[in-house]
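Heads up: the structure comes next, in structure tokens.
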Amino acid sequence: MRTGILVLIASLAAGGAGFWAGRRTLPPPVAVAPPLPVIPARTISTNARNPGVPNRAAALAKRDLEAEMRQILLIPVSRRWLKITELARSILPSEALAAFQLADRILPPMLREPFRGQVVESWAEQDPQGVLKYGATLKNRGERQMAYRAAVHEWGRRDAPAAIAWLETLDAADRHGLMPMLMSGWADIDPKAALARLEQLPPGQRREARQAVWQALADSDPEHAAKLAFAGEGGGGRYGGDSGLGAVLQSWMGRDPKAAVNWLRELPEGGPKHRALRDGAQQIAWQDPKNALELMELMPKGNDRQNVLANVLTAYANRNPEEARALLARFTDPVDRGAAEAALAQGLANSDPVAAAELLKSTKTRPDRVWAYQNVGVEYAQRDPQAALTWAQSLPPGPARDQALAGTLAGWVESDPQAAAAQVLQLPPGQARNQAVAGMVQRWAAQDPDAALGWLKQLPGDVLRRDVLQNLVWQMGEIDPKHVAEFFSGLPPSESQRGMVSDLAGRWADLDSDAAVAWARQLPEGRLRDAAMERVSHQWAQQDPEAVGAYARELPPGQSRDQIFSTLADRWSATDPRKAAEYALSLPVEPSRTDMLRSILGNWAGQDPAAAVQFLDRLPADVGRDNLMEQFTTRWAAMDSAGALAWAQGLPEGTGRAAAVASALGAWAGQAPLPAAEFVAHMAPGEEQEKAAGAIMSAYVQADPQAAAKWITGFPEGPLRQNAQNILISQWAREDPAATATWLNGLGDGASRESAISQFVGQMSNQEPEVAWTWAAALTDDNQRENQMENAARIWLRNDPTKARSAIAASGLSPEAIARLLGP
């Protein structure tokens, strides 16, 4: 199986816009691979991805690639992604560089970056060594790293042991970025061998690589892969569903949906099972909506269930609209019914926007789920703008009508921008009109930026222009940033303009850092230039940290300089921490120098703790070593918790040592929470033990909440116990509210019980408002009880208004509170 390498590359890149704007850095090319390795060849048919073309090179020679790129710009924005992907996958390695040059000249950034990513992925499949050589020529470190990752992924498929041996010659920071890609390639070919090797990797590398290995293992042993993913990092999704279980279930259900669904049914009840159901249903909603719907039925009510329902109904509507309509009869709950109707309309929008619009006329859905109205408006207006406008205006006032109007005008502008522009100004002034103008101008600018921005400049009212420009800046990928930059020339300076110039600089630097830096530096001296330079420094510091350092040194003390120092510390220490630290030491003695050193030493400890310790030991007394300990120890302990803890315990007693010990134990607990908790239990009472207990609590709760809860009850009354309880409840109640409630019932009266109940109510209000309401009534403080009951009641009223209103009326709340909740 070939895993989704672009998705994996993008998930491993740290920050940035698009596949090629990652903000983690690699050293200069000569430091990565001197000389570049020889990668064994693998026979790949150049026609395999293009069946029916006898000679792909000859076919390409007869076509006009520039014309094809320009043709893509003429189709609606929503349909460009598929076309640009098809075009990229047709490019041969020998044509890649020429294709990149054309893309730089023709395509807007939002299309250019994925196009380059797709071409490099295809190129790496056929010639990974060529991609390594190409990467070595790139000035931008983010682009270079992405090229190396694509090449290393393919190398892992061809000769994983040789690739691993090569990676071992690199420093820790580089291995951290490349090893997961190598492992994912290896897992495509031999998942069991990759799985065995996975356990030998350091924890940081193992966490990032395991998902790809599990997904590959799912091809041969899906149940084993699912068990690993469920029990792996986060126990089925500790960090928001990042365990990889969804991808494993997608593969399993594609071949044996009955077995996969039965396995999910048998999971123990609780938060991990609910997240597993959510991940599985979301992953298969489009390929297998029937089984996705079955999984959804096993989920508790709430946002996750409604999101799954929306995806399933949209998928059904795309496949079989009549069957999707028939499914509506299954949903009698008003909230579910509204979500289902909106999703069905969304699914019908492309094929039958008239039917979709008619369905939405009678749909009652929550204000935060009215996205379907905009999408239907766009599709309807592209076919018949006047009819779409009549439909949108016929809807009752409210968020749904606003979204329908915005979508209609955005769709209309693609066929007749002047008519759409005239119509949008007939809307009544307000936030709804501003949103409609913003959506319309965004699509207009993608086709004709000069005309769109020229019209915008003539609009009355600074507020309207500001709102539209802010939206446009964040959608920069569809147009050349120079057009927006030119728009600001001649405008009077203002606070809102400063914020927009900053946003523009940041987005532009993500797309073309050299051009953005040049533009920012030529701005007039003052707050506007400071704001722009702060933002472009993120990318500039990756390319030329010494130049950024020279620029920052000449700035006057203040927030702008401190922000650039902070960015410089983070970026420079990733490539040359010693030089970055020496630069920081050369600055005047002030808090900004300490902040820089703290960041640099933390990053350095994650790469080479021995060298970082030597540097730390030689720091002058005026630096303030205690202030540097916590972050330094945390980063070191993430790689070597035992070494970091031993070093921290050898420090002189004081605040610095307590913070360092707590940081080391917190990192240890992330890897082995039970031994870490045992260690803390045997520490001498005092500041160090209190700090250490707080540091390990989150990891201990994740590993064994029952044991953590029992441990907490042994703490004396006071802030330490209350803080520990808050951590316990905020995590445990999400996973297993019933067990949490049982533990709460066993607590004795006192301040800690009152605090624990309050925390539990706050956690459950969104998740299970009826449960939250019941527990809020148990609070003894009158003000706290009434406030918490009101908070829970407001959410309960949205989910189950009939039952909630009855409970509120009989609750014994004050007449004022009941009136606030139930209204006149």
With sequence neighbours left out, the residues meeting salt bridge (Lys or Arg N to Asp or Glu O under 4.0 Å) with R798 are none
Listed partners of A315 passing side chain to side chain contact (heavy atoms under 4.5 Å, CB included), at least two apart: W286, P289
Hits for salt bridge (Lys or Arg N to Asp or Glu O under 4.0 Å) against R785, two or more places apart or cross-chain, chain-then-number order -> D782
In short, ring pair (Phe, Tyr, Trp, His ring centres under 6.0 Å) pairs touching residues 765-810 with sequence neighbours left out are F760-W775, W773-W796
D384 meets the salt bridge (Lys or Arg N to Asp or Glu O under 4.0 Å) criterion, sequence neighbours left out, with none
Going by ring pair (Phe, Tyr, Trp, His ring centres under 6.0 Å), name the residues that satisfy it together with Y700, two or more places apart in sequence or in a different chain. W711
With sequence neighbours left out, the residues meeting salt bridge (Lys or Arg N to Asp or Glu O under 4.0 Å) with K710 are none
Just distance, no hydrogens or angles: give the donor-acceptor pairs under 3.5 Å from side chains in residues 337-346, sequence neighbours left out.
unit_1, atom_1, unit_2, atom_2, d
R337, NE, E341, OE2, 3.1
R337, NH1, L328, O, 2.7
E341, OE1, T363, OG1, 3.1
Q346, OE1, N375, ND2, 2.7

Going by salt bridge (charged side-chain N to carboxylate O under 4.0 Å, His left out), name the pairs with one or both residues in residues 391-400, residues two or more places apart or in two chains. none
Looking at residues at least two apart in the chain, or sitting in another chain, which of them share a side chain to side chain donor-acceptor pair (under 3.5 Å) with N307? R369
Taking only residues at least two apart or on different chains, which pairs with a member in residues 251-263 satisfy salt bridge (charged side-chain N to carboxylate O under 4.0 Å, His left out)? none
Mind checking side chain to side chain contact (heavy atoms under 4.5 Å, CB included) for Q784 and listing every partner two or more places apart, or none if nothing turns up? S758, L779, D781, Q788
